[in-house]
Participant: 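Dropping a structure here in structure tokens format, bear with me for questions.
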Amino acid sequence: MDTAIDLLSSWMNDARSAVFFGGAGVSTASGIPDFRSAAGLYVTAAGNGREPEYLLSHECLIAEPAEFFTFHRTHLVHPEAKPNRAHLALARLEDSGHLAAVVTQNIDGLHQAAGSRTVHELHGSVERNHCVQCGRAIDLADIPDEPVIPVCPDCGGMVRPDVVLYGEGLDEQVIDASIRAIQQADVLIVGGTSLNVYPAAGLIRYYRGHRLVLINLTETPADKGADLVIHSPIDEVLDTVVQRNCDTTPR
Ligand code: APR
């Protein structure tokens with residue numbers, strides 16, 4: 001792994017518009033399970049009669065809101081989770097002018113909590129919620145544990161999370177901003193994602209450079225086309241990159 005990390009460090013030291021494209025594997029070191037690994041949510045929560053992909057769908061939100069919110073609050077909301085070394089390293093790379101943006105499929109808000117400023121959340125965020133009736137925006141911290149189905153304090157309507165559920169489309173502006181960042185990237189690091197879910201996974205095709213880096217515990221469909229592949233924990237890899245030859249003096 002060392003020579004690969006040395007190469008990545010030198011690429012990042014030279015980078016002025018790098019982009020990080022990430023998924024649930026970036027947050028496992030913060031105690032948030034991913035989805036498709038052996039300990040992932042879609043494995044551990046499956047088989048209880050209701051498939052997780054249904055419980056996280058627009059259909060379930062509308063037809064069985066109590067089921068939806070019980071699953072959402074139990075498995076997708078992690079108020080105790082803190083940014084790990086991967087989040088912190090990416091924030092330092094942005095502060096020092098090497099990284100231009102984070103494009104994430106995650107909805108946990110940990111990149112912003114670590115200090116990252118340009119974060120494109122393709123699947124939204126559990127931190128942001130809104131009333132389906134009057135549209136009032138409500139932060140996660142202001143939503144009580146009871147009733148299970150959150151109620152708008154203004155109009156009594158249902159308050160839902162601003163996350164992209166199965167059966168819903170992604171925000172066009174977020175997609176456009178993500179594509180622009182990836183098209184302009186000198187280095188694209190893809191990490192902690194199985195690249196299973198579209199349209200998100202398809203965005204990495206917009207990268208036009210020759211420094212495509214894959215950092216994932218397991219092989220992904222993009223490994224073959226990558227210029228550098230590191231099958232190691234992303235928190236360790238990114239932390240080593242910023243500790244080693246990459247000058248991260250804030251600019
Ligand atoms: N370091 C590197 N890779 C890791 C780590 C780690 N510490 N922990 C897990 N991984 C890898 C796993 O091997 C796996 O390949 O991260 C990947 C996570 O893949 P998924 O669980 O499929 O998560 P993700 O790719 O983010 O899923 C995309 O699917 O259900 C939807 O909306 C959900 O945003 C999610 C989307």
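The residues of the chain are indexed from 1 along the displayed sequence. Both counts, for ligands and for their atoms, begin at 1 and track the order of listing. Note that the structure is predicted; figures quoted are calculated from it, not measured.
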Participant: Of the options V229, T218, N216, which is the one that meets D223 in a side-chain contact (heavy atoms from CB on, under 4.5 Å)?
Facilitator: V229
Participant: Nearest 0.5 angstrom please: I215 CD1 to L228 CG, how far?
Facilitator: 7.5 Å
Participant: Assess whether a salt bridge exists between D227 and R211, defined as any Lys/Arg side-chain N lying under 4.0 Å from an Asp/Glu carboxylate O.
Facilitator: no
Participant: Would you mind checking which non-hydrogen protein atom is closest to atom 28 (C) of ligand 1, with the distance to 0.1 Å?
Facilitator: Q105 OE1, 3.3 Å
Participant: Report the nearest protein non-hydrogen atom to atom 8 (N) of ligand 1: residue, atom name, distance rounded to 0.1 Å.
Facilitator: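 In this structure, atom 8 (N) of ligand 1 has T28 OG1, 3.0 Å as its nearest protein heavy atom.
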Participant: Could you tabulate the donor-acceptor pairs under 3.5 Å formed by side-chain atoms of residues 188-196, not counting sequence neighbours?
Facilitator:
unit_1, atom_1, unit_2, atom_2, d
T193, OG1, Q105, NE2, 2.9
T193, OG1, L195, N, 3.1
S194, OG, N196, ND2, 2.9

Participant: How many angstroms lie between OH in Y207 and CD1 in I204, if you round to the nearest 0.5 Å?
Facilitator: 11.5 Å
Participant: Consider ligand 1: state whether an atom of it lies below 4.0 angstrom from any non-hydrogen atom of S232.
Facilitator: yes
Participant: Any salt bridge linking R160 with E168? Criterion: basic side-chain nitrogen under 4.0 Å from a carboxylate oxygen.
Facilitator: yes
Participant: With a cutoff of 4.0 Å, is S37 in contact with ligand 1, counting heavy atoms of the residue only?
Facilitator: yes
Participant: Have a look at ligand 1 and work out which part of V197, if any, has a heavy atom under 4.0 Å from it: side chain, backbone, both or neither.
Facilitator: side chain
Participant: Please write down residue, atom name and distance for the protein heavy atom closest to atom 6 (C) of ligand 1.
Facilitator: G25 O, 3.4 Å
Participant: How about L214 and E219: do any of their side-chain heavy atoms sit closer than 4.5 Å?
Facilitator: no
Participant: Which ligand 1 atoms are under 4.0 Å away from a heavy-atom of Y42?
Facilitator: 30 (O), 31 (C)
Participant: Could you check atom 1 (N) of ligand 1 against the protein and tell me its nearest heavy-atom contact, residue, atom and distance included?
Facilitator: I234 N, 2.9 Å
Participant: Would you say G23 and ligand 1 have an N/O pair spaced under 3.5 Å apart?
Facilitator: no
Participant: Give the numbers and elements of all ligand 1 atoms closer than 4.0 Å to a heavy atom of P233.
Facilitator: 1 (N)
Participant: Quick check on A29 - does any of its heavy atoms sit under 4.0 Å from an atom of ligand 1?
Facilitator: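 The answer is no, since A29 has no heavy atom less than 4.0 Å from ligand 1.
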Participant: Check V26 against ligand 1 and report side chain, backbone, both or neither, counting heavy atoms closer than 4.0 Å.
Facilitator: neither
Participant: How far is atom 13 (O) of ligand 1 from the closest protein heavy atom, and which atom is that?
Facilitator: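 In this structure, atom 13 (O) of ligand 1 has T218 OG1, 2.9 Å as its nearest protein heavy atom.
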Participant: Of the protein's non-hydrogen atoms, which lies at the shortest distance from atom 15 (O) of ligand 1, and what is that distance?
Facilitator: N216 ND2, 2.9 Å
Participant: Applying a 4.0 Å heavy-atom criterion (strictly less than), which segment of Y166 is in contact with ligand 1: side chain, backbone, both, or neither?
Facilitator: side chain
Participant: Output yes when the distance from some N or O of ligand 1 to some N or O of H123 is under 3.5 Å, and no in every other case.
Facilitator: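 Yes - when backbone and side-chain N and O of H123 are compared with those of ligand 1, one distance drops under 3.5 Å.
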Participant: Distance from Y54 atom OH to F68 atom CZ, nearest 0.5 Å?
Facilitator: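 If we round to the nearest 0.5 Å, Y54:OH and F68:CZ are 11.0 Å apart.
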Participant: For Y42, does the OH atom have more than 12 heavy-atom neighbours from other residues, nucleotides or ligands under 6.0 Å away?
Facilitator: yes
Participant: Find all atoms of ligand 1 within a distance of less than 4.0 Å from any non-hydrogen atom belonging to D235, and give their numbers and elements.
Facilitator: 7 (N)
Participant: Might you work through the side-chain hydrogen bond (donor to acceptor under 3.5 Å, both in side chains) test for D34 and T28, ending with a clear yes or no?
Facilitator: CA-CA 6 Å; D34 62 18; T28 51; 5.8 Å; no
Participant: Rounded at 0.5 Å granularity, tell me how far CD in E127 sits from CG in L140.
Facilitator: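 So the CD of E127 and the CG of L140 are separated by 5.0 Å.
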Participant: Looking at S37 and A39, would you say the former's side chain and the latter's main chain have a donor-acceptor pair under 3.5 Å?
Facilitator: no
Participant: At what distance, to the nearest 0.5 angstrom, does NZ of K82 lie from NE2 of H87?
Facilitator: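 So the NZ of K82 and the NE2 of H87 are separated by 12.5 Å.
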Participant: Non-hydrogen atoms of N196 versus ligand 1: any pair closer than 4.0 Å?
Facilitator: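 No, N196 has no heavy atoms under 4.0 Å from ligand 1.
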Participant: Where is the nearest protein heavy atom to atom 26 (O) of ligand 1: which residue, which atom, and how far?
Facilitator: A24 N, 2.8 Å
Participant: Does ligand 1 come near enough to F35 that some N or O of the ligand is less than 3.5 Å from an N or O of the residue?
Facilitator: yes
Participant: Out of G191, A200, G192, indicate the one that has the non-hydrogen atom closest to atom 18 (C) of ligand 1.
Facilitator: G192
Participant: Look at atom 4 (C) of ligand 1 and say which protein heavy atom is nearest, naming residue and atom and giving the distance to 0.1 Å.
Facilitator: L217 CG, 3.6 Å
